[in-house]
Number of protein chains: 2
Amino acid sequence: MPEQSIAQLSRRSFLRAVGVTGGAGTMFATMGALGLAPASAAPPPFDPPKASDFHLTGRRPGTVIVLGGGIAGLVSAYELGKAGYRVTVLEPRDRTGGRNFTVRGGDTLTDLHGFAQRARFSKGQYMNAGPARIAQWMVTLDYCRELGVPIEVFTNSNADAYIYHSSMPAGQPMRYRTAKADTFGYVSELLAKATDQGALDAELTAEDRERLMEFLTDFGDLGETLEYTGSSRRGFTAWPGESGAPGEILGDVPSASAVFASGVGRHFSFEFEFDQAMLMFQPVGGMDRLPRALTRAIGPQKIKLGCRATSLTQSASGVSVTYTDAAGCAHLTTADYVIAAMPPHLLTGLTHNLGADVVAALTAIRPSSAGKIGLEYRSRWWETDHRIYGGITETDLDLVHVWHPSYGYHGDRGVMIGYYHYGATADRYSAMSPKDRETTAVALGERIYGAKYRTELDSSFSIAWREVPHLEAAWHSFAGNSPQSPIFKPLVEPAGRVLFAGDWLSNMDAWQHGAILAARKAVTTLHARALAR
Amino acid sequence: MPEQSIAQLSRRSFLRAVGVTGGAGTMFATMGALGLAPASAAPPPFDPPKASDFHLTGRRPGTVIVLGGGIAGLVSAYELGKAGYRVTVLEPRDRTGGRNFTVRGGDTLTDLHGFAQRARFSKGQYMNAGPARIAQWMVTLDYCRELGVPIEVFTNSNADAYIYHSSMPAGQPMRYRTAKADTFGYVSELLAKATDQGALDAELTAEDRERLMEFLTDFGDLGETLEYTGSSRRGFTAWPGESGAPGEILGDVPSASAVFASGVGRHFSFEFEFDQAMLMFQPVGGMDRLPRALTRAIGPQKIKLGCRATSLTQSASGVSVTYTDAAGCAHLTTADYVIAAMPPHLLTGLTHNLGADVVAALTAIRPSSAGKIGLEYRSRWWETDHRIYGGITETDLDLVHVWHPSYGYHGDRGVMIGYYHYGATADRYSAMSPKDRETTAVALGERIYGAKYRTELDSSFSIAWREVPHLEAAWHSFAGNSPQSPIFKPLVEPAGRVLFAGDWLSNMDAWQHGAILAARKAVTTLHARALAR
């Protein structure tokens, strides 16, 4: 998910945003700390509302309406419910989870273009159309633990997955392992050469240089002449086997010039990013195991599906909400508090009295586009023929990312994510019919993987998030503002009885982690106000 | 497993052994192929013996005795059995699998020192004492598929796992992500600086240099001044959260000198190696799911447990084998062929008439030591407190490698591999009592992880492979010979009715892949001879 947020808010400006400036370290100081890991890496402390908070103070838990049954709304309702608040969730769709949407056979979607799809995936096959990965440090995992949702590894990077640029011949992608061996080999050789020639004598002591050379020899798999001439790390055309079958290392080592010209190295930093580095995880059986578990824990009777809020009016004594139910009937309901956990750009569509500052803040958060297509295959040819068990193939085609499934290894069938793209590309595919999206995606994928990409295909399901009713975005952008900008203050520190929550009100937009922590903050604020009454 | 084989046979000499010489690529040629992936990466073709081979030629399948019920022996028996050969496996231990040994509660081991252990692991908890990981390209996966053994990711590398060197303060290990960010940051900065100063003008064209700089800026997360001053890739002391909580990047960026002096970079190449790069896999529920499935497929009645071969005599018409059963009674049996799939250094202990060349070949294969300890904990504190879900912590302590479990995430309990070491260190720990091994290992691990490494411990089980009866090795070395050396010809191309199989007769010693392909080769040779009779 987060490629987008990284693209919109460059890493460098992110560093600035979070207050890291150049003074963090002096470059070539001979002394320095090692930047060791802190003792604990657990999520921030959270003191959830407890039933005893009311018992001990003689107060009674109030009523809360939560607008939106996505992750932020569900976590808000779950945490408040544990303390005894009487919570009602209004969710306009026919399921909870919001963008956390796992598509299985029989699931339907009619988008705002009017394109209607019914997934024909086989039993046990699914695609996570929205969030699909969880980093180890994310609070999302704590809810999986607390709610008993089993997890397994999400295969976010794989040495055997491909890199395919349109400059490569059809059917001849490059494996990550090969691209890394060559790039790291030449980077090491060049730096070793420069160091050897004295180019860094002013920067490094003799001892530093010796240690650097030792590292480079190993890191680049350099020979005794400190040159890169290929490596078993590239992979083999025939893998080592029994005696007499020593294997044949993948040859035709390209020149340094060819390696840098190919641009394969631009895909490497992804796996070092703070939010994408392996190991990553996913719930066993689909990401929606999490909202399903939250829904069960809240109590499904407290969640009104098919109910779309239409107005919101706060007063000194409470908030009244009007909404339309699945049958089209209008209702009026009131509560002590509201947590608005809807998409911010749809919240502006409600009639409300929240004031111009709130409108300005909500309007500064803009919806972003992304699309995914799930392709179910009648065989797992990527495992048997390509020996790729999971991971992501990176392309410079419209497909951008192609995902191999992280579940069902060795099964009869599997669902590939045939594209995962954003922005203008996503908008272009969004305008195509689902059938055209499939045809286009398969034709491109065939260039990477060969004929089985087409011949083994069974069915597909595609999603264009900007066109999904009641969500209308894959994630959001902040028009150049940091999430800490004062413009968002009316949402982050709301004055009245209406609080806000969503990944869009966090520093981790497009991640459930952000939605959860924003929900916790709203719940904490609400509870403090309730206890202060 | 393969660290040892890499240590014994350096990568460079391996490259030489397999015939890769310096001519593979001209270093700075401006033109060059890209070294693209071959269309197929499947294991080598194998035409297994088929029942129809006999039906169609009017022959009858013969009899075969397999010495040893490890992976090579089991695969031999399995493949021959499919064609109708009448196979008997003699296995001296009370289980099949050989070094493929998954230790569960109740399992016992008395080693050659006389140390007796009974594992006290809880239900569902286990340690893979022998092989534990499978690369995607390995033929081992094909047997998992064929036999219906489910697989899952083995977490061979993890950005959140630790590096701990004894120069670091107790309780302050460094995370991989931090070590990589700093090392790659400074390597990029230094090479950018050298390039900028013209040190590589003779090596690279202006266009090459521009592309290189673009790569380095991204790879090292360099600022506009091309300097490394820290990065969100290092990790955070407080992770980004809700609005108002932008996160706090792990600071105290060490100097380049300190980073290279720390030596953390020497752990990075492991994950690029052809046999260790992620994604790696393991059978769900324990590595011994594979030998168990092979045993079932062969037919357990064909496998004589507790039966130790004592002599081997081949003649023109067959082979006679004497063995001692579990009750100590001697037996004589005969067959058309024998596949000797025992440890080579124990095979020399049999009375036999295989000749001096065979003895010389077997004697040139030397046993290697390795040890592992499984530590069962009453909580998964590494997940909750350290946010480490799997992966390997590398140390310069006697522990060498410390493994976090790749299964049972979020469970009540878990088994860490507290050490995995080889050679002299393994021999030293082998001589200690199991209790002393535990005490020593836990005291060292506590320096990395803190008090819970001791206080949460429930029980342990340790193995010293050199001292395991009937196996007496973790793997083998070849005394400087390549597996293709003519000295091994009497084993690889045996003259008579006795064939040999084992990982020790492959280019992938210490890997089941090697054992399986050696077995396939023995089976193919045997079958060709049977059909030529």
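The sequence lines fix the lettering, A, B, ..., with proteins before strands; numbering per chain opens at 1. Computed from heavy atoms alone, side chains included, the values below leave out hydrogens, waters and symmetry copies.
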Counting only non-hydrogen atoms closer than 4.5 Å, does A/F272 touch chain B with its backbone (N, CA, C, O), its side chain (CB onward), both, or neither? both

Note: vs chain B, highest number of non-hydrogen pairs under 4.5 angstrom among A/I388, A/L216, A/I516, A/L191 is A/L191

Among A/R177, A/K180, A/K489, A/H410, residue most engaged with chain B (heavy-atom pairs, under 4.5 Å): A/H410

Are B/F268 and A/F184 close enough that their ring centres sit under 6.0 Å apart? no

A/L279, part contacting chain B, at a heavy-atom distance under 4.5 Å: both

Winner by heavy-atom pair count (cut-off under 4.5 Å) against chain B, out of A/G391, A/A261, A/P44, A/G235: A/A261

If one checks every heavy atom of A/Q136 against chain B at 4.5 Å, the contacting part turns out to be both

Charged N-O contact under 4.0 Å between A/D142 and B/R387: yes

Non-hydrogen atoms of chain B under 4.5 Å away: do they reach the side chain of A/V187, the backbone, both or neither? both

By a 4.5 Å heavy-atom criterion (distance strictly below it), what part of A/L141 contacts chain B: side chain, backbone, both, or neither? both

Could you look at A/S157 and say if it's the side chain, the backbone, both or neither that has a heavy atom under 4.5 Å from chain B? backbone

Measure distances from A/Y389 to the heavy atoms of chain B and classify the residue's part below 4.5 Å as side chain, backbone, both or neither. both

Quick one: of A/G244, A/A199, A/G514, who has the most non-hydrogen atom pairs under 4.5 Å with chain B? A/G244

Any side-chain heavy atom of B/S231 sitting closer than 4.5 Å to one from A/F274? no

Which bit of A/Y407 is near chain B, if near means a heavy-atom gap under 4.5 Å: side chain, backbone, both or neither? neither

